[in-house]
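To start, the structure itself, in structure tokens.
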Amino acid sequence: MAKALASLGQSLAPLSPVVGTASAFGLLGKLTDFCAKPTSLHDTRDRLKQALSESDCRLLVVIDDIDRLEARETRELMRLVRLTSDLPRIVYLLAYDRHRVALSLGESLGENATEGGRYLDKIVQVNYDLPNAREAFVYEMFLPWLDEVIRGRELAELDREMWARVFYDVIKPLLGSLRDVKRYLYSVTVALDTIGQEVALADLLGLEALRILRPSIFSDLKSNSKHLTHPRSGSLELVAEDIRNREAEKNLSAMLDHAEPERSVLSSIFEHLFPVTQQFLGNTTYGSEWNGVWRRERRVACEEVLRIYLQAGLDEGMIPSREVQDLIDALTNETRLNTLLDSLDDKRLETALERIEDFEADFPATAAPIAIPTLLNRMGRLSPHHSGVFGISPRFKVTRVVYRLLKSIGNPEKLMAIMPEIVEKTDSLSGWFEVVEMVGHRKAVGHKLVREAQAEELEGQFLNGLKSATTSQLVDEWNLFGLSFHIIHWIGEYERSVIAFRLRGHLADDRFVIALLRTAVNYAYSNGKAVKQIFWDELLEVFGQEFLDAVARLAQSSSYRDLAEGDQDTIKLAVQYASGRRPKSRRRAERAVG
């Protein structure tokens, strides 16, 4: 019977234009080792009839998705079925959308769907109309299957309240059939494996439903992603707010119009996943201060997290959320925190500092005496200079975290009690200076975290430390210029003269002079270019004529030739300043604390 069937297939296959038919029948021939060429279609057919009649077997031929064929292919397939449907012991089970197949048959016959339906009735003897899957059944299957998909994967935490909103308002309306359920579950695994730890799970599952089941709407969403979050970078940030708002309102409204008949789904995505859009589409406003909250929770409402989702991965220099959480957990473990920070390069360390700040509300009070000196001891690794006109220096990001750790103490007496431990573990005067200024009452820099008398006590202790510092200690300071210039404005005239005298005594050492110049460098930006400058007037205010003599000596010394190229350029610039050639405008040295 198998040989006869294969022979018939080889005879019929060339008659069919349907892709794969010839291959299928050819494979059947190979499986039966039947290679003989049939003498004629009629003889082969009779032979098969006889074999089928004598056999105890019944054959069920299942053909699915007929309605997905083109009109010509649909007619040829039905023609093949008609040619073989009267063979004994063979039953065909054809699965299709009747209306679509009737349209295709009518089109291929040059007639309408009614005539196509009549042609179909001549072939199919029994019809079974299958009802749509019960809505409840689809959802009953979806949730257990989804649970099975996410089980065992390391993913971001699920916000159950947000998940309920996303499921009922976004995912559920898009699941029209079990086919949709399977398409979604098969496809979502890629996103779960690549960025499942970086994006809030409810947000990720909701956006994936739109991407997989309504790709045109998702494409529109992606094209207008700049209107979904607060602009924190890029050209949009420089656009006037009223112009930016008008463009956002126009584009978001157009997206909703294009999304019909799923307008309500897209509206829910805006409301639940991108709250910023509500200032244009609703009556709710979310300020930029929410960025930190959304970033901490890994919500796509944060521009950075949305970019991770759209690009399906972390940008270069970014660190995974699990590493950020490890840092937060290590704030009270000095050894662990040191190990984690030392494992990060300078760029990743800078990124980590930005991310840590988002977790301010989670800082334990016991973290301050451990985390503050640990962070301050790495300030020398980071640049004091900002990148570009609107950039923020990496060191400034450290001071923001340190300030928040100090503020978490919440009590002047408790803070004063741990200050000796912080100072003892801080390995530089520059770090000590940062803390003393930050907790004090000095105008523009102090945050008054201790009482005024306590602040004066801390300043006095610091000044004693500075007076007793050796030249070798000072040349290693990462903020030698700041120590020298800002401190003389703390104190009275007599103490100022004493400190200035001691500092000038170190000018005899070329290492001190180059360290002073190196830490007094700043950059001005003009026409997109960074121009190196020196806080020259401030240096002269502290060191006077003796500093000019020291610069001239350094420029002529043998040690000059051994310096790095950047240090040599700084000395050359200092010599120009000493000769009177100065830039037309310079900003005065200022302090800023987060």
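Computation of the quantities below employed the complete heavy-atom set of this structure, encompassing side-chain atoms and omitting hydrogens, waters and symmetry-equivalent molecules.
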Side chains of S288 and H230, donor plus acceptor under 3.5 Å | no
Donor-acceptor contact present, side-chain T277 to main-chain F270, <3.5 Å = yes
Parallel, tilted or perpendicular: rings of F485 and F481 (30°, 60°) = parallel
Given side chains that start at C-beta, do those of Y523 and Q533 come closer than 4.5 Å, heavy atoms only?
-> no
With a 4.5 Å limit on heavy-atom distance, are the side chains of K407 and Y403 in contact?
-> yes
Between the side chain of Q568 and the main-chain N/O of Y560, is any donor-acceptor distance below 3.5 Å?
-> yes
In terms of side-chain geometry, is the basic nitrogen of E323 or R355 positioned less than 4.0 Å from the acidic oxygen of its partner?
-> no
Between R307 and S225, a side-chain donor and acceptor under 3.5 Å = no
Output yes when K425 and E334 qualify as a salt bridge under the 4.0 Å nitrogen-oxygen rule, no when they do not.
-> yes
Where do I514 and V475 land on the side-chain contact (heavy atoms from CB on, under 4.5 Å) test, with the steps shown first?
-> CA-CA 8 Å; I514 185 57; V475 297; over 6 Å; no
Report yes or no: do Q197 and S321 form a side-chain donor-acceptor pair below 3.5 Å?
-> no
What's the shortest heavy-atom distance between I422 and P369, and which atoms?
-> CG1-CA, 3.8 Å
Any sub-3.5 Å donor-acceptor pair from E546's side-chain atoms to L507's backbone N or O?
-> no
Of all heavy-atom pairs linking V199 and D203, the shortest is CG1-CB, 4.3 Å
With no hydrogens and no angle check, do the side chains of T519 and W478 hold a donor and an acceptor under 3.5 Å apart?
-> no
So R442 and E459, salt bridge (charged side-chain N to carboxylate O under 4.0 Å, His left out) or not? Walk me through it.
-> CA-CA 11 Å; R442 296 293 170 183; E459 290 176 2; 2.7 Å; yes
Side chain to side chain donor-acceptor pair (under 3.5 Å) between H506 and T471, worked out | CA-CA 6 Å; H506 300 294; T471 301; 2.7 Å; yes
Closest non-hydrogen atom pair, A574 against L517 | CB-CD2, 3.9 Å
side-chain contact (heavy atoms from CB on, under 4.5 Å) between I534 and N522, worked out = CA-CA 6 Å; I534 298 174; N522 72 96; 5.6 Å; no
Residues D569, K532: salt bridge by 4.0 Å N-O rule | no
Does any N or O in the side chain of H441 come within less than 3.5 Å of the main-chain N or O of E452, such that one atom is a donor and the other an acceptor?
-> yes
Where L429 and L466 come nearest, the two heavy atoms and their spacing = CD1-CD1, 4.1 Å
For the residue pair E208 and Y309, confirm or rule out a side-chain donor-acceptor distance under 3.5 Å.
-> yes
Lys/Arg-Asp/Glu bridge criterion (N-O < 4.0 Å) met for E350, R381 | no
Check step by step if salt bridge (charged side-chain N to carboxylate O under 4.0 Å, His left out) holds for R511 and D509.
-> CA-CA 5 Å; R511 296 177 302 158; D509 192 316; 2.9 Å; yes
Cut-off 3.5 Å, side chains only: do N245 and E249 have a donor facing an acceptor?
-> no
Can you tell me if CD on E161 sees more than 12 non-hydrogen neighbours from other groups inside 6.0 Å?
-> no
Are the side chain of R504 and the backbone N or O of V542 linked by a donor-acceptor pair below 3.5 Å?
-> yes
Using 4.0 Å as the upper bound for N to carboxylate O, is an ion pair formed by K397 and E357?
-> no
Partner set under side-chain hydrogen bond (donor to acceptor under 3.5 Å, both in side chains) for T189, not counting sequence neighbours = none
More than 12 heavy atoms from other groups under 6.0 Å of CD on E424 = no
Residues L228, L221; criterion side-chain contact (heavy atoms from CB on, under 4.5 Å); working and verdict | CA-CA 9 Å; L228 305 177; L221 188 82; 4.0 Å; yes
May I ask you to say whether E154 pairs ionically with R322, meaning some side-chain N is under 4.0 Å from a carboxylate O?
-> no
Do S430 and M379 come close enough that some side-chain heavy atom pair is under 4.5 Å?
-> no
Might you point out which heavy atoms bring A515 and L480 nearest each other, and give the distance in Å?
-> CB-CD2, 3.8 Å
So, do R502 and V498 sit near enough that their side-chain heavy atoms are less than 4.5 Å apart?
-> yes
With distance as the sole criterion, is a donor-acceptor pair present between the side chains of T285 and Q279 under 3.5 Å?
-> no
Note: R451-E413 ion pair, threshold 4.0 Å (strictly below) | yes
Separation between CD1 (I571) and CG (D510), nearest 0.5 Å, reads 8.5 Å
Determine yes or no for a side-chain-to-main-chain donor-acceptor pair under 3.5 angstrom, with N377 supplying the side chain and D427 the backbone.
-> yes
Salt bridge (charged side-chain N to carboxylate O under 4.0 Å, His left out) between D342 and R378: does it pass, once the steps are laid out?
-> CA-CA 9 Å; D342 288 340; R378 283 157 180 79; 3.0 Å; yes
Looking at side-chain heavy atoms only, is the closest gap between L204 and V300 below 4.5 Å?
-> no
Does the pair T229 and C302 meet the rule for a side-chain contact (heavy atoms from CB on, under 4.5 Å), with working shown?
-> CA-CA 6 Å; T229 63; C302 170; over 6 Å; no
When the aromatic ring centroids of F433 and F462 are compared, is their separation below 6.0 Å?
-> yes
Inspect the contact between E271 and R165 and indicate whether a charged nitrogen and a carboxylate oxygen are less than 4.0 angstrom apart.
-> no
S557 and S559: side-chain donor and acceptor closer than 3.5 Å?
-> yes
With no hydrogens and no angle check, is any side-chain donor or acceptor of S383 less than 3.5 Å from a backbone partner on H385?
-> yes
